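Written below as structure tokens is the structure these notes are about.
Keep in mind that what you see is a predicted model, and the values were worked out from it rather than measured. Numbering of residues begins at 1 and proceeds along the displayed sequence.
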Amino acid sequence: MNKRWSVVLSGVALVLVATRMFAEEGPRSVVFRSPSHRAALTGNLETDLFARTYLAFTPRLEQEGDNSLSTRKSPWLAAGLSLVLPGAGEFYAESYWKSALFLALDVAAWGLAIHFDKKGDRQTTFFQSFADEHWSVVKYAQFSLEYFIPTERWNEYAGLIAPGSNPPWQRVNWNLLNRLEREISGTPNGRYYSHTLPPYGDQQYYELIGKYPQYNPGWDDAELPYIYSETNVTPRFKYYAGERGKANDFYRTATTFLTVAIVNHVLSALDAAWSAASYNRSVHASMRLQYIPTEFGYARVPCVQVSVGL
């Protein structure tokens, strides 16, 4: 009879525990206690018959604040960690393989972005030095004046080119040069003069001299008088344009890897939140000894704790 009631009470207790666990939010744990084999009869019929029954199988529902459930993971914290450092949130959620994968991808993306950015810097230094050595704004300004402006009007551009041995970009009056370019662009023969040259050292300065035939006469291998056409550019012009293009390719590649790194941060944050939520939904089990009060003091009984996150 006692055994039968023990089974019935155990079944009812399990149903009550399961109902409460699945009806409420948050992780819950059930502790199953095995009976102590050292319990002795007390001589009290009620105690001997029913107390032993309850001790045979006693489920206990532990609330969310219980210390045994301190391993619950926060999806928000996981996402924040991975947003700062990809893989950190996955590590926090104990998804170690994914943590290593996101971290490795981040290191690779940033490393390649920095690598190609530095290659772009070196290539930029190279093609700018090449331009300083082989392209002369003085030669370009002199050709523009002599080829497009009548001799009797040259005095209007007095001071355009200063004598001396300074570098070409220090001998040209940039305001007069830009005025000359604008005037030429309005003449029937000046259709190739579509731009005014930016100051020396400007990024556009180095771009334009290797991009438009307008600036071809400034290269040291250009033969004057120069005949304009879309394809009639000097070997120096073509070489310089190619070297400048390499620098742009390096910078574009660096930007691509930078984009990969940023996307990796976002994806890792989303995955970390999902991993933390999955961790909370998983089942965790542990075994420990627990002291149970009896008529004769405390008895140690083994307990199996199962934690279920919902």
Side-chain angles (χ1 to χ4, degrees), residues 112-150 154 156-157 159-162 166-259:
L112 289 170
I114 294 172
H115 170 72
F116 281 102
D117 186 70
K118 289 186 177 298
K119 288 192 71 171
D121 290 343
R122 291 193 294 269
Q123 186 65 19
T124 296
T125 300
F126 171 76
F127 77 71
Q128 288 181 351
S129 298
F130 183 86
D132 291 344
E133 182 178 355
H134 297 285
W135 193 85
S136 170
V137 66
V138 167
K139 185 178 179 182
Y140 165 72
Q142 186 173 356
F143 168 79
S144 300
L145 178 65
E146 295 176 356
Y147 191 79
F148 290 98
I149 304 300
W154 285 3
E156 298 178 16
Y157 288 95
L160 174 64
I161 301 172
N166 289 336
W169 53 87
Q170 294 180 359
R171 294 171 52 198
V172 170
N173 184 315
W174 235 265
N175 291 329
L176 286 178
L177 175 62
N178 293 157
R179 193 182 89 182
L180 174 63
E181 290 171 320
R182 287 191 291 270
E183 179 178 346
I184 295 173
S185 66
T187 64
N189 296 327
R191 64 188 183 91
Y192 284 100
Y193 276 66
S194 55
H195 294 77
T196 56
L197 188 64
Y200 169 78
D202 191 273
Q203 183 270 334
Q204 286 292 308
Y205 168 91
Y206 286 105
E207 178 179 347
L208 298 185
I209 63 176
K211 188 175 182 179
Y212 297 102
Q214 168 185 347
Y215 299 102
N216 191 79
W219 291 98
D220 56 11
D221 61 341
E223 296 181 3
L224 304 180
Y226 173 73
I227 305 300
Y228 282 100
S229 74
E230 295 292 344
T231 57
N232 185 26
V233 292
T234 69
R236 293 250 199 251
F237 184 106
K238 294 178 180 178
Y239 176 78
Y240 174 80
E243 294 304 304
R244 191 179 63 83
K246 289 180 183 179
N248 290 336
D249 290 341
F250 290 144
Y251 286 130
R252 278 193 291 268
T253 303
T255 300
T256 298
F257 283 113
L258 178 61
T259 303

Kindly compute the distance separating [atom1] ([X]) from [atom2] ([Y]), expressed to the nearest 0.5 Å.
X    : Y    : atom1 : atom2 : value
D117 : L112 : CG    : CG    : 12.0 Å
N178 : N173 : CG    : CG    : 9.0 Å
Q128 : Q203 : CD    : CD    : 9.0 Å
L160 : L176 : CG    : CG    : 6.0 Å
N175 : L180 : CG    : CG    : 12.5 Å
T187 : I149 : OG1   : CD1   : 7.5 Å

Practice task
Might you confirm whether atom CD of E223 has over 12 heavy atoms from other residues, nucleotides or ligands at distances under 6.0 Å?
Solution key: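 Result for CD/E223: open.
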
Identify the two heavy atoms, one from [X] and one from [Y], that lie closest to each other, and give their separation to 0.1 Å.
X    : Y    : value
W174 : Y200 : CZ2-N, 3.6 Å
Y215 : L208 : CD1-O, 3.4 Å
A113 : A254 : O-CB, 3.4 Å
P168 : V137 : O-CG1, 3.4 Å
A247 : G120 : CB-O, 4.0 Å
L197 : W135 : CD2-CH2, 3.8 Å

Problem - Polar side chain donor-acceptor pair, E183 to Y193, under 3.5 angstrom - result: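 There is no such pair between these side chains.
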
Quick one: does any side-chain atom of [X] pair with a main-chain N or O of [Y] as donor and acceptor, under 3.5 Å?
X    : Y    : result
W219 : I209 : yes
Y251 : D121 : yes
E243 : Q123 : no
R171 : A162 : yes

Exercise for the section: Take W169 and D132 through the side-chain contact (heavy atoms from CB on, under 4.5 Å) test and state the conclusion after the steps. Expected result: CA-CA 9 Å; W169 53 87; D132 291 344; 4.1 Å; yes

Practice task
For the pair K139 and D220, find out whether any cationic side-chain nitrogen is under 4.0 Å from an anionic carboxylate oxygen.
Solution key: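 Judged by the 4.0 Å cut-off on N to carboxylate O distance, K139 and D220 do not form a salt bridge.
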
Exercise for the section: Indicate yes or no: does D249 engage R252 in a salt bridge with an N to O separation below 4.0 Å. Expected result: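 Result for this pair is yes, salt bridge flagged.
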
Practice task
Identify the residue among F126, F127, Y206 that makes a ring pair (Phe, Tyr, Trp, His ring centres under 6.0 Å) with Y240.
Solution key: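 Per the ring pair (Phe, Tyr, Trp, His ring centres under 6.0 Å) rule, the option paired with Y240 is F127, out of F126, F127, Y206.
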
Practice task
Answer whether the closest heavy-atom distance between the side chains of R236 and E133 falls below 4.5 Å.
Solution key: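 In short, these two side chains do not touch, never coming nearer than 4.5 Å.
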
Problem - H134 and F130 aromatic ring geometry - parallel, tilted or perpendicular at 30°/60° bounds - result: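 Rings of F130 and H134: tilted, 30 to 60°.
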
Exercise for the section: Show the numbers, then the answer: is there a side-chain contact (heavy atoms from CB on, under 4.5 Å) between E181 and Q214? Expected result: CA-CA 10 Å; E181 290 171 320; Q214 168 185 347; 3.7 Å; yes

